[in-house]
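Along the sequence shown, the residues carry numbers beginning at 1.
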Amino acid sequence: MPERKKILFVNYSLHSGGIEKSLVTVLSLFDDKNYEVDLQLFANEGLFFSRVPEKVHVLPPLFPQEYRLNIRKAFPALVSSGHPLLAICRLLVSFVGLRGTMGERLSRMWEIERRFVRPAGERYDAVVAFMEGQPLYYAVEKVNAGVKIGFIHGDYTAMGLCRNFDLPYVAKLDALCTVSESCKTALEKTFPGYSEKFHVIYNIISSNFLRSMAEREKGFDDGYAGIRVLSIARLSHQKGLDLAMPAVVALNRKGTRLRWYVIGVGPEEESLKQHAAQLGAEDCVVFLGERGNPYPFVRECDIYMQPSRFEGKAIAVDEAMVLCRPILLTDFSTASDQITSGENGLIVPMTTEGVEQGLESLAKDGELREKYARALSGCDFTNEDEINKLYALIENGKQ
């Protein structure tokens, strides 16, 4: 029997996001007969950390737990726990990460962290950086591997990444994967000399698994009798929750009874809750926090809404489609890669007014919701064979 190839996956953490969920799915399906898999995280934490399969060897984190604390707590905690150099690193990172686009912040932070973070301890046949930013930079600079594969899960143009900084990293990759044709087009426009390296690997979906998870427990327990709208999202500017909140409030004031439930956590949690309080939205906007199994809520909602400013290919939308929920999306650049507006959901302008009009149409028209649900019920979204594309890149990356 031939010796198994050694593969290293790199990600920042396993918090409750679409990228993290997708990574755990890939690790669960990964062929352990032909591959020995290590997982390197910057922080060994998150809602999905406990879901890493036993067949995967989880390495010690690149940064100790204290590094993730607020800088006022992190600096003394790192010093007292025997990490004075990392304390300096964390202090410098806190300054350079304050301003700029996401790409500018990530690049400045990495310019500091690369001097302090340890390299991989052994050679690998392939390394897979499962997200942009630090994981991709680490895989290129700090891992000795025969094949180097990166992932960017969003529209590069819309994400605010830094082309000039990323260009030399793209040049050193054997393959750069993304999750939709629109995202691949964005990469080709940004890095025109490297189009042969770009590949689409869709988020892996198992319809049977999702349906079984949706039936395991009850979702909503508040006895609400109106229309339930659900979003699963990181509480960040990207997800456009601030655009949708006034729309929900306005519809309720006009007499359209609906309640919006949001599953997720993130950096804008407090500001969004304050915004809800200012709008008087406490009765019609409900923050549910993190949920290990959100699928009962998806199954029971009347409308699934993703009001994002930009997305790659939102895995939460794919999952809502599997569970046949009527979909409402804003017109982010990849929205039409996921649904066909008017056939299995609605795509509306990326404004509060656009969201309000779309929600009103769906909330008031039960036949329209049923039409979209029927259209989705006739589709099979299972695509576990997508993982074969990753195997092919690992095996043929240097050709």
Side-chain angles (χ1 to χ4, degrees), residues 6-15 17 19-20 23 37-46 48-49 52 56-124 126-145 148-153 159-173 176 266-267:
K6 292 218 62 171
I7 314 298
L8 178 67
F9 280 81
V10 184
N11 209 55
Y12 200 84
S13 69
L14 288 176
H15 284 289
I19 294 173
E20 292 80 4
L23 174 55
V37 178
D38 287 354
L39 174 62
Q40 179 66 76
L41 301 173
F42 282 70
N44 285 4
E45 61 186 28
F48 296 127
F49 187 71
V52 177
V56 173
H57 177 220
V58 180
L59 301 175
L62 291 174
F63 292 137
Q65 187 175 6
E66 295 87 349
Y67 191 89
R68 299 280 290 165
L69 298 173
N70 176 283
I71 183 57
R72 293 183 179 180
K73 296 180 179 178
F75 189 88
L78 286 166
V79 171
S80 63
S81 61
H83 301 287
L85 293 179
L86 281 179
I88 295 171
C89 174
R90 180 68 179 84
L91 180 63
L92 295 173
V93 163
S94 69
F95 287 117
V96 302
L98 289 175
R99 295 181 179 85
T101 65
M102 181 170 76
E104 289 168 345
R105 295 195 306 273
L106 289 175
S107 60
R108 289 195 298 259
M109 291 163 68
W110 178 247
E111 287 283 28
I112 294 168
E113 290 176 335
R114 63 192 291 269
R115 293 171 167 79
F116 295 87
V117 70
R118 69 175 185 273
E122 61 181 288
R123 188 186 187 280
Y124 289 88
V127 58
V128 181
F130 209 69
M131 69 180 294
E132 64 282 343
Q134 270 76 343
L136 192 151
Y137 304 149
Y138 181 86
V140 170
E141 283 196 37
K142 301 291 185 176
V143 181
N144 181 4
K148 296 193 174 186
I149 300 168
F151 271 80
I152 292 181
H153 287 260
M159 292 170 73
L161 297 174
C162 189
R163 178 193 180 278
N164 290 338
F165 188 84
D166 288 345
L167 181 59
Y169 292 93
V170 172
K172 293 176 183 177
L173 290 171
L176 181 57

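- Scored by the side-chain contact (heavy atoms from CB on, under 4.5 Å) test, L161 finds M102, L106, E132, Y156, M159, D166 as partners (sequence neighbours excluded).
- K148 contributes no side-chain N or O that, together with a main-chain N or O of K172, makes up a donor-acceptor pair within less than 3.5 Å.
- Among all heavy-atom pairs drawn from F9 and I7, the shortest one is CE1-CG2, 3.9 Å.
- Nearest heavy atom pair, residue L78 against residue R90, reads CD1-CB, 3.9 Å.
- The two residues V127 and A139 make their nearest non-hydrogen contact at CG2-CB, 3.8 Å.
- Sorted by first and then second residue, the side-chain hydrogen bond (donor to acceptor under 3.5 Å, both in side chains) pairs involving residues 65-77 (not counting sequence neighbours) are E45-R68, Y67-E113.
- Annotation: side-chain contact (heavy atoms from CB on, under 4.5 Å) contacts of F95 (sequence neighbours excluded): L91.
- Although no hydrogens or angles enter the test, the distance criterion places no donor-acceptor pair under 3.5 Å between the side chain of R123 and the main chain of N144.
- A donor-acceptor pair under 3.5 Å is absent between the side-chain atoms of S13 and the main chain of G46, judged by distance alone.
- Taking the side chain as every heavy atom from C-beta outward, L23 and F48 never approach each other to under 4.5 Å.
- There is no side-chain donor-acceptor pair under 3.5 Å between E20 and Y12.
- Using bins of under 30°, 30° to 60° and over 60° for the plane-to-plane angle, the ring pair W110/Y138 lands in the perpendicular bin.
- Remark: side-chain polar atoms of H153 are paired, donor with acceptor, to backbone N or O of F130 under 3.5 angstrom.
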